[in-house]
Amino acid sequence: MQNRINANNTRWGCTVISAGAIIIVWSLGMSLSAPAAENGCDTLLAQIAKTGEVPAIIINPVDETVKVFSTKGSCSETIEKWSNREPLSATGN
């Protein structure tokens with residue numbers, strides 16, 4: 001019985017350590033994508049235009065922001081700034 005309890009505690013400890021490592025890696029990845037948000041969407045949209053990728057665009061009227069998500073990262077800017085942009089091209093040109 002004691003061996004079974006020790007095995008369960010060992011598995012639980014490994015699960016906690018693994019979850020902690022995943023959270024650290026995820027937060028590190030999020031912090032690396034943060035500069036794109038701080039610099040606006042200019043850089044990100046330029047990168048996306050080169051690949052022809054169609055990003056996910058979410059408009060939030062509550063805080064008046066537009067968020068852009070792609071495989072290259074994400075960014076956010078005001079609806080006013082977004083509405084002054086040229087339309088996105090589906091072909092990347």
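Cluster annotation: Phe69 is not connected to Val66 through the hydrophobic network of ILVMFWY side chains, with a link wherever side-chain heavy atoms come within less than 4.5 Å. Under the 4.5 Å side-chain heavy-atom criterion for ILVMFWY residues, a single connected hydrophobic cluster contains both Ile57 and Ile48.
Residues Asp63 and Lys67 share a closest heavy-atom pair of OD2-NZ, 3.9 Å. For the residue pair Val62 and Asn60, the shortest heavy atom distance occurs at N-OD1, 3.0 Å.
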Pair Arg85, Asp42 - check side chain to side chain contact (heavy atoms under 4.5 Å, CB included), show working.
CA-CA 10 Å; Arg85 290 187 175 278; Asp42 295 332; 2.7 Å; yes

Mind running side chain to side chain contact (heavy atoms under 4.5 Å, CB included) on Glu64 and Ile79 for me, showing each step along the way?
CA-CA 6 Å; Glu64 298 181 352; Ile79 290 176; 4.3 Å; yes

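Glu53 places a side-chain N or O within 3.5 Å of a backbone atom of Thr71 that can act as its donor or acceptor partner.
Once rounded to the nearest 0.5 Å, the distance linking OG of Ser76 with CG of Leu44 reads 11.5 Å.
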